Amino acid sequence: MSRPLRCTILVFSSWYANLSTTNAPMTDQSSPATPKRKLIIAIDGPAGAGKSTIAMRLARKLGYVNLESGAMYRALALKAIDKDVSFDDEAALLKLAQESRIQLEPSTGGNRTLLNGHDVSMRIRERDVTEGASRVSIHPRVREWMVERQREMGIGGGVVMEGRDIGTKVFPDADLKVFLDADPVVREQRRMEQQKIKAEVAANVAADLRERDKRDRTRVTSPLVAAWDAIVIDSTSLSEDQVLERVEDLAAKLLTE
Ligand code: DC
């Protein structure tokens with residue numbers, strides 16, 4: 001199936017969630033000749049499995065845009081906190097989402113998330129928002145809204161989208177689906193190292209991660225599960241470079257078909 005070419009700037013003014021790609025995606029200079037096909041690559045998996053780093057590095061290699069769908073749930077959770085809306089109130093959360101402008105902006109220093117024009121990239125990583133994102137994401141109507149926006153963003157291809165339901169729900173026909181997993185203890189350790197967590201709070205962070213994991217995997221709507229046709233990579237005993245190499249090989253095969 002041929003897809004329309006992506007525009008450099010995509011602004012869906014009819015939607016409140018925008019993807020602005022004003023910065024051209026970074027291309028790793030060592031990458032091979034520019035591929036002709038613009039793939040949709042889905043990378044799903046639990047927290048701490050290394051999705052974000054792999055998705056970002058892969059997107060750079062291919063000259064694609066890296067879209068972190070979790071940042072959208074995080075932005076909505078932040079808005080709910082700011083507006084004192086309960087994470088359990090589906091109707092109010094949907095209204096908040098419809099009234100918000102959530103932008104994912106790929107940039108050289110890493111992806112930025114803008115909420116109504118404000119850069120919330122750092123704030124959405126904090127503990128209260130992290131928990132809130134997992135809680136707002138259980139609501140079917142919130143998910144429907146998010147999925148629609150995410151489809152709009154990635155439909156043109158040339159995208160590495162990471163999340164929990166990209167291969168199962170957002171892009172069930174994605175060209176490449178990777179489900180990245182790792183042993184829970186290893187994921188917890190990686191998360192600690194990534195966030196430079198001090199020993200005193202390490203136990204809390206591990207407990208949060210386990211709870212969030214359980215919620216993401218057991219929710220009724222679009223639980224975290226590998227798509228039937230996803231390539232499952234267990235990164236427990238693999239380095240970041242080894243995982244990237246495997247995913248790159250898979251993408252390269254598709255691009256030479
Ligand atoms: O990937 P992340 O940790 O930033 O995601 C935050 C939360 O958002 C996560 O707990 C589950 C939810 N999420 C989701 O339900 N579906 C996605 N595609 C991405 C994230």
Side-chain angles (χ1 to χ4, degrees), residues 17 19 40-56 59 66-81 87-88 90 93-94 96-97 100 102 104 110-113 115 120-154 159-172 174 177-182 184 187-188 190-192 194-195 205-227 230 235:
L19 160 66
I40 294 179
I41 301 178
I43 301 192
D44 290 302
K51 297 186 304 288
S52 303
T53 320
I54 295 300
M56 183 175 295
N66 165 219
L67 295 174
E68 206 195 327
S69 62
M72 295 178 66
Y73 291 94
R74 286 172 180 269
L76 177 61
L78 175 58
K79 182 96 191 239
I81 292 169
F87 295 142
D88 300 324
E90 181 174 24
L93 289 168
L94 178 64
L96 269 192
S100 305
I102 300 171
L104 302 182
N111 291 345
R112 294 201 315 156
T113 305
L115 177 60
V120 294
S121 317
M122 302 291 279
R123 175 69 181 97
I124 60 168
R125 302 291 148 196
E126 288 175 23
R127 194 175 169 193
D128 56 341
V129 180
T130 301
E131 200 220 324
S134 174
R135 289 179 58 187
V136 303
S137 71
I138 67 167
H139 300 297
R141 286 192 292 154
V142 169
R143 297 201 69 81
E144 245 170 63
W145 186 88
M146 293 285 178
V147 167
E148 278 306 307
R149 307 290 81 75
Q150 290 155 4
R151 285 190 183 138
E152 291 280 350
M153 292 174 182
V159 68
V160 181
M161 192 176 285
E162 53 136 322
R164 304 290 191 287
D165 61 344
I166 310 305
T168 51
K169 197 81 188 170
V170 181
F171 289 115
K177 299 180 190 179
V178 173
F179 190 88
L180 194 54
D181 210 345
R187 290 194 283 114
E188 284 163 22
R190 285 183 190 159
R191 196 36 63 100
M192 315 285 176
Q194 195 183 32
Q195 298 181 350
V205 172
D208 285 356
L209 190 97
R210 274 194 294 266
E211 194 187 324
R212 196 151 70 94
D213 231 25
K214 190 172 164 211
R215 197 184 291 119
D216 293 348
R217 288 181 197 268
T218 56
R219 68 183 172 222
V220 177
T221 310
S222 309
L224 170 66
V225 61
S235 73

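Keep in mind that the numbers below use all heavy atoms, side chains included, and drop hydrogens, waters and symmetry copies. Every number for a ligand or one of its atoms is a count from 1 in the order of the listing. Since this is a predicted model, take the numbers as computed values, not measurements.
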* May I ask you to list the atoms of ligand 1 that are less than 4.0 angstrom from any heavy atom of Ser137? => 11 (C), 12 (C), 15 (O)
* May I ask you to identify the nearest protein heavy atom to atom 19 (C) of ligand 1, giving residue, atom name and distance to one decimal place in Å? => Ser69 OG, 3.3 Å
* **For Val225 against Thr168, the heavy-atom pair lying closest together** => O-CG2, 3.6 Å
* Structure fact -> Note: Leu76 and Ala97 closest approach over all heavy atoms is CD1-N, 3.7 Å
* To do: Answer whether the closest heavy-atom distance between the side chains of Ser222 and Arg164 falls below 4.5 Å.
  => no
* Asked: Looking at Trp145, is Arg141 sitting on its ring face, NZ or CZ under 6.0 Å from the six-membered ring centre and within 45 degrees of the normal?
  -> no
* Please confirm whether Arg219 comes under 4.0 Å of ligand 1, counting heavy atoms of the residue only. => yes
* To do: May I ask you to identify, for Ser134, whether its side chain, its backbone, both or neither come under 4.0 Å of ligand 1 on a heavy-atom basis?
  => both
* Would you check if there is a donor-acceptor pair between the side chains of Asp216 and Ser134 at a distance under 3.5 Å? => yes
* Residue and atom name of the nearest protein heavy atom (relative to atom 8 (O) of ligand 1), distance in Å to one decimal -> Tyr73 CB, 3.6 Å
* Structure fact -> Nearest non-hydrogen protein atom to atom 7 (C) of ligand 1, with distance, is Ala133 CB, 3.8 Å
* To do: With heavy atoms of Asp216 as the reference, note each atom of ligand 1 found under 4.0 Å away.
  => 9 (C), 10 (O), 11 (C)
* Tell me, please: is Arg143 in heavy-atom contact with ligand 1, that is, under 4.0 Å? => yes
* Asked: Are Glu90 and Arg135 within salt-bridge range, i.e. N to O under 4.0 Å?
  -> no
* Against heavy atoms of Gly163, which atoms of ligand 1 measure under 4.0 Å? -> 18 (N), 19 (C)
* With heavy atoms under 4.0 Å as the rule, classify the contact between Arg215 and ligand 1 as side chain, backbone, both or neither. => neither
* Asked: Any N or O of Arg164 that comes nearer than 3.5 Å to an N or O of ligand 1?
  -> yes
* **Glu152 bridged to Arg149 by N-O distance under 4.0 Å** => no
* To do: Give the minimum heavy-atom separation between Asp44 and Lys51, together with the two atoms involved.
  => C-CD, 3.5 Å
* Give the numbers and elements of all ligand 1 atoms closer than 4.0 Å to a heavy atom of Arg74. => 2 (P), 3 (O), 4 (O), 6 (C)
* Just do the side chain to side chain donor-acceptor pair (under 3.5 Å) check on Arg74 and Thr113 with the steps written out, would you? => CA-CA 9 Å; Arg74 286 172 180 269; Thr113 305; over 6 Å; no
* Counting each atom of ligand 1 from 1 as listed, which ones have a heavy atom of Arg212 under 4.0 Å away? -> 3 (O), 6 (C), 9 (C), 10 (O)
* Structure fact -> Near Asp165 (heavy-atom distance under 4.0 Å), the atoms of ligand 1 are 16 (N), 17 (C), 18 (N)
* Asked: Does an N or O from Lys51, backbone or side chain, lie closer than 3.5 Å to an N or O of ligand 1?
  -> no
* **Winner among Gly70, Gly45, Ala42, Ala71 once heavy atoms are compared against atom 20 (C) of ligand 1** => Gly70
* Is there side-chain contact between Leu180 and Ile54, with at least one heavy-atom pair below 4.5 Å? -> yes
